[in-house]
There are 2 protein chains.
Amino acid sequence: MPGDQGPQRRGPTIYDVARECGVAPSTVSRAFSRPGRVNAETAARIRAVAETMGYRANPLARALPTGHTSLLALIVSDVTNPFFFEIIRGAEQAAAAAGYTVLVSDVQESAQAERQALDRVVPLVEGVVLATSRMSDSTIRVMAKQRPTVVLNRVLTEVPSVVTDNSRGMRRAVEHLGELGHHTVAYAAGPEASWADGMRWRSMREAGYELELKVRRLGRFEPTVRGGLDAAHALALAPATAVVCYNDLVAIGLMRGLSSMGARVPAEVSVVGFDNIFGSDFCSPPLTTVAAPLRALGSHAVRALLRELGHTTPHAVRATVLPAQLVVRGSTAKPGRRRHAWTKDAAAPPEPVSGPARASGSASAAAATAAFPSASSAASAAAPARTGQPAHSPPA
Amino acid sequence: MPGDQGPQRRGPTIYDVARECGVAPSTVSRAFSRPGRVNAETAARIRAVAETMGYRANPLARALPTGHTSLLALIVSDVTNPFFFEIIRGAEQAAAAAGYTVLVSDVQESAQAERQALDRVVPLVEGVVLATSRMSDSTIRVMAKQRPTVVLNRVLTEVPSVVTDNSRGMRRAVEHLGELGHHTVAYAAGPEASWADGMRWRSMREAGYELELKVRRLGRFEPTVRGGLDAAHALALAPATAVVCYNDLVAIGLMRGLSSMGARVPAEVSVVGFDNIFGSDFCSPPLTTVAAPLRALGSHAVRALLRELGHTTPHAVRATVLPAQLVVRGSTAKPGRRRHAWTKDAAAPPEPVSGPARASGSASAAAATAAFPSASSAASAAAPARTGQPAHSPPA
DNA sequence: ATGAAAGCGCTAACAT
DNA sequence: ATGTTAGCGCTTTCAT
């Protein structure tokens, strides 16, 4: 029966308050949702009575006719990944400031579980922020048709986005390594589906070209500590004095792998991470990393979304680019002498790694040499860019 | 106007599907929410038509008459605290398995912001899991009156709870330290409002008494890395060869503080944490810690909550106690010789720390000596206890 | 097994 | 400024 208690403890409604006040229910409604459209005194009286009766507006009932749930969804690929912590925090803050609540939804598992989680959450919210690296562009576009959408860390035509300035960040990292005296730097790549990975690798090639450093790619590893461990093995096969990693998790795993193989960081290998996640400052050694403006990423994303909700008319889709910052800690240093023990390239003779290095030509299959001109020149976005076209055009 | 588009893109309703199928709307409704109460064939036809029309039930409309939102709230004191990561994950898993979605809500800031966040979330959900250490017991009881509630990491009469077996965990930690040869162990205390802190300190005193180790309390520190840094200074004033920390964050901070003061961990000081959060394995040295069953904590909490929702009749309130496990890593070792440089007790002469230690009597005000009998004997919960009365009676 | 109709609590025309 | 009334999309009696 409709009138049952249900799991929801039902309290007084506007009807109860109205009766108590001797006014019409609509007046009570207005007293709350449209103050000013009702006599100041009656409004005050209504509020007082409502207060003593313990009246609370039912958000469900309020949302049904209007579609205004005051809910936003933040879809992440893994709540457990520290990369998202500050993003979530930033998003919640911006949302709360606007009277919205964010529904954080985790869609890791299968594509099917993803679909299910989305189906459950999306109908409830007014808009969604997508922060899941491995979701396909087309799935994202489909989503964007159903609800106002903003995508994080990826640039898409048609869907507004908020991204870190990977290009400048990478540039800083490579400069730093160059200044320390490294001549060849490796990139421990992340998932192919990751837009950020593409940007980072590409930016690294550009930076390497301009700064005249040799650049090599290692791998494709899982974006986890585990993946970093794998990267350590790949590095043993194709040594380098410095490695920039797809993200901090990989960098941390790499450092651990390296140290368990007996290679000293940063004495023998310098390691740079990406993102500056929780934990990157207390790993050992503390990680030098390209800090993403995590909190800002989250808050800008919801602000962009809120803007989107406001727009009733079509308008320009834009990408917001937020500046990254190189945080230098203990995992990078001048290239040092290598105790050759930990490398495994039995074939190639040991070669001096400091000095005008020639990249080992006989590198493993996983490593690709790439030090050639690239189509576009270095990015030039203003550092504190809050919004505007991305400094770097997305890879077609 | 009620019929506008709103922010919500409205799709086909049961009325549309009904018309298309030549049946009544109520039949369509039944076809979905009460399969079996409708002819198998018509049901199939309805589903098919609905599918092609892209019909999706509106959860708001569904929830309004029934109060069944399929939403649960998980209130945490700080989404950013790694302690909650796996808890959230566990909760989401258990919820999803039951067709529920969890709304994670962060209520850090002010008590006022807390109230606001709660007001926004609670009316939407069918039940709530409270995982916020610093919320008062009375606030919790008030909450429990409004919605079915389960509280995490704290035992309350009247409200069902899920907790870690702090007692056994602490016991293991102290045993471990004792076996290594430590004679006096310090406890770096956490917030006074924390139920877990009370349990841990109390359990430590009991364990110390039974195992004949001296036990001292340091502090009350913020439950953060920052607090651990403070603990390092406190420890310099009142040295000990081993310290168990309120949680991993404090332990990590302590290790950092210690090492920046020139004290070696574990050579000079052994450090034990609590919880086994993300990061505790890659800090330096890797942290020995009492691992809380984080994931299980989350999933048991929602299962308990779901059970609560099922119960329509009053029933016994119970506490579920989940076993902790000592994870021995690199931060603990036999007590070694102390290079006295880092301690700061100018007053007291240096004393040998290994050997039948007498706790330094001239300890700082922050340190309290406590090695005396305690009222209750050691806990005796079965290790894999899934549920039942807590092994240790809650502090009145 | 299915249809008709009331109602969940609120908002928003449309009156007055 | 306030009252009247019709929905929002669904569930659920109550009939048939």
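Quick note on labels: first sequence line is chain A, next is B, and so on, each numbered from 1. Keep in mind that what you see is a predicted model, and the values were worked out from it rather than measured.
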### Message
Please check this pair: side chain of A:Arg47 against backbone of A:Ala31, looking for a donor-acceptor N/O pair closer than 3.5 Å.
### Response
yes
### Task
Could you tell me whether a side-chain N or O of A:Arg62 sits under 3.5 Å from a main-chain N or O of A:Ala57, the two making a donor and an acceptor?
no
### Query
Does a donor on one side chain and an acceptor on the other come within less than 3.5 Å for A:Thr139 and A:Ser136?
yes
### Message
Any carboxylate oxygen within less than 4.0 angstrom of a Lys/Arg side-chain nitrogen, looking at B:Glu114 and B:Arg134?
### Response
yes
### Query
Any ion pair linking B:Arg147 and B:Glu126 (charged N to carboxylate O, less than 4.0 Å)?
no
### Under 4.0 angstrom between B:Thr13 side-chain N/O and D:dC8 OP1 or OP2
no
### Query
Taking only side-chain nitrogens and oxygens of B:Arg34, does any of them come within less than 4.0 Å of OP1 or OP2 of D:dT12?
yes
What is the distance, rounded to the nearest whole Å, between atom [atom1] of [X] and atom [atom2] of [N]?
X	N	atom1	atom2	result
B:Asn39	C:dA1	CG	P	7 Å
B:Ile14	D:dG9	CD1	C1'	6 Å
A:Leu60	C:dC10	CG	C1'	11 Å
A:Arg62	D:dG7	CZ	C1'	17 Å

Could you work out which one of [options] sits closest to the side chain of [X]?
X	options	value
B:Leu64	D:dC14, D:dG9, C:dC10	D:dG9
B:Ser33	D:dT11, D:dC10, C:dT2	D:dT11
A:Thr66	D:dT2, C:dT11, C:dC10	C:dT11

### Query
Where does the angle between the aromatic ring planes of A:Phe32 and A:Tyr55 fall among parallel (under 30°), tilted (30 to 60°) and perpendicular (over 60°)?
tilted
### Message
Can you classify the ring geometry of A:Phe85 versus B:Phe85 as parallel (below 30°), tilted (30 to 60°) or perpendicular (above 60°)?
### Response
tilted
### Query
Contact class for B:Arg30 (heavy atom, under 4.0 Å): base, sugar-phosphate, or nothing?
base
### Task
Using a 4.0 Å heavy-atom cut-off across all strands, classify B:Phe32 as base, sugar-phosphate, or nothing.
nothing
### Task
May I ask you to verify whether the side chain of A:Tyr15 and the base of C:dC8 hold a donor-acceptor pair under 3.5 Å?
no
### Summary
Per nearest nucleotide of DNA chain C, the residue lying toward the 5' end, A:Ala61 or B:Arg37, is B:Arg37
### Task
Could you identify which residues of residues 16-29 of chain A place a heavy atom less than 4.0 Å from some atom of DNA chain D, listed by residue number, or say none?
A:Gly22, A:Val23, A:Ala24, A:Ser26, A:Thr27
